[in-house]
Each structure stands twice: as C-alpha cells, then as structure tokens.
Amino acid sequence: MRSGCLSPLLLEVGGFFIGCCSMAIAFSCHGNRDRNALRYSILLENAHNLAIQNSKKIFPMADFQYYFHQLPCFNCQKTTVNTDLGWLTEAMKDDVLAQVAATIAEGNVEADLSVNVTCSADEARDYLLLNFYGYSEEELASQVEAEDEKEVADEIAELLAEGNDVAVFEHEIALQICTDCGIDDESNQA
C-alpha cells in the first residue's frame with residue numbers, strides 16, 4: 001500500500017533557489033521499493049531539469065548581484081568601510097574597483113566617486129532598472145512599469161544609435177565615514 005503526498009522541493013540553480021513540487025511516495029513494507037524509488041528518482045531529475053530550463057525565464061538577470069566592498073573612509077582615508085557598489089555583474093564590479101583604485105591612488109578621494117560602467121545591449125536594461133529606477137531582481141521579470149520600460153529602451157537605443165555595441169553609464173559610489181570619524185564628528189558638533 002502506498003500513499004502520495006505533495007511536498008516542496010527546493011533546487012539550487014545558478015545561485016538561486018527555485019521552488020518546485022515533487023511527489024513523495026510513502027511505502028509500506030510490502031511495496032515494490034526499487035521500482036517506486038526509481039520512479040521517484042526520475043520525478044526529481046525531471047523537476048531539476050525543468051527548473052534549469054526555466055531558470056533563465058524566471059531570473060533573467062541571474063548574473064547581476066548587489067555588491068559591497070571595503071573602501072577607505074572618505075574623511076580620514078585610513079580605515080576601510082563596507083561600501084555599497086550597487087547592482088553589477090562580476091566583470092563590471094572588477095572594472096569599477098580598478099577605476100576606484102586608480103582614483104584613490106591619484107589622491108582624488110571625494111565623498112562620491114564617479115566611475116564608468118560598460119554594459120552590453122542585453123545588460124543595459126537590467127543595469128538601469130536595478131540601479132537608477134530602484135527595481136528589485138524579482139520585479140524585473142514581469143513587474144516593470146510600461147513608462148519605465150519605455151524610458152530605459154529609449155535611452156539604450158540613443159546610446160547604441162551611433163553604431164556602438166556597448167552602453168557606458170556614469171556610476172556613483174558614495175564613500176562612507178568610519179565609526180571613529182563618525183564619533184569625532186558627533187563630539188565636534190556637541
């Protein structure tokens with residue numbers, strides 16, 4: 001005798017967990033375990049393959065991540081502080097950090113550092129919607145307002161109209177104050 005019950009199964013695909021359902025079969029002592037175990041295994045494998053196939057549809061911007069990095073305090077420039085870099089791909093992050101390092105090496109440390117981010121035509125939409133329009137990664141798939149979608153498409157078209165195959169955007173990074181400087185600022189104000 002066997003009974004079926006629906007149980008959730010989470011699969012990790014490309015760093016994301018995708019929920020799907022699998023049939024969990026409970027066996028009695030008299031059941032044919034080998035044959036049913038094989039069926040269950042095939043069900044799991046099919047669910048996993050389906051999740052992989054659909055992962056690009058579910059998470060179209062899977063290679064963007066929200067990054068932080070240790071950068072110098074803009075006040076004392078001695079202590080490093082966890083600094084928000086924004087939504088970037090790994091290649092964009094590496095390029096941004098190289099530009100920041102060059103700027104800091106030149107001694108041009110200001111509260112807001114401006115760097116250039118280069119995006120392919122495919123990456124530009126997600127980059128703009130994540131960093132400038134404030135959408136979350138979940139909203140990108142189907143919850144972008146038509147007006148925002150049009151503005152982003154127009155901006156990308158304008159940047160690529162001159163035959164460019166990449167779009168370059170100015171990206172600002174706001175350096176932070178370390179706790180020591182923050183305490184000094186508060187005591188000076190008192």
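Quick caveat, the model's predicted, so the values are computed rather than measured.
- Here the rule is side-chain contact (heavy atoms from CB on, under 4.5 Å) with Glu147, and of Glu151, Lys150, Glu149 only Glu151 fits it.
- Between Asn82 and Gln176 the shortest heavy-atom distance is O-CG, 3.8 Å.
- Here the CG atom belonging to Leu130 is positioned 5.5 Å from the CH2 atom belonging to Trp87, to the nearest 0.5 angstrom.
- The minimum heavy-atom distance between Val115 and Val100, with the atom names listed, is CG1-CG2, 4.0 Å.
- In this structure, the side chain of Glu106 does not engage the main chain of Thr103 through any donor-acceptor pair within 3.5 Å.
- Under the 4.5 Å side-chain heavy-atom criterion for Ile, Leu, Val, Met, Phe, Trp and Tyr, Leu160 and Phe132 are members of the same hydrophobic cluster.
- When side chains are defined from C-beta on, Asp95 does not count as touching Val117, because their heavy atoms never get closer than 4.5 Å.
- Here the side chains of Asp63 and Glu90 are not in contact, with every heavy-atom distance at 4.5 Å or above.
- Close placement of the Tyr66 and Phe68 rings is indicated, their centers lying within 6.0 Å of each other.
- Heavy atoms only, all atoms of each residue included: Leu159 and Asn164 are closest at O-ND2, 3.2 Å.
- For CD of Gln70, the number of neighbouring non-hydrogen atoms (other residues, nucleotides, ligands) closer than 6.0 Å is greater than 12.
- The backbone N or O of Val152 lies less than 3.5 Å from no partner atom in the side chain of Glu155, so there is not a single donor-acceptor pair.
- Residue Gln143 qualifies as enclosed at atom CD: its count of foreign heavy atoms under 6.0 Å is above 12.
- The shortest heavy-atom contact between Val144 and Tyr135 is CA-CE2, 3.6 Å.
- Pairing each heavy atom of Thr83 with each of Ala174, the nearest pair is CG2-O, 3.4 Å.
- The main-chain N or O of Leu85 is found under 3.5 Å from a side-chain atom of His171 such that the two form a donor-acceptor pair.
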**Study point:** Audit row: Val81, Ile177, side chain to side chain contact (heavy atoms under 4.5 Å, CB included) steps and yes/no
**Key:** CA-CA 7 Å; Val81 182; Ile177 297 177; over 6 Å; no
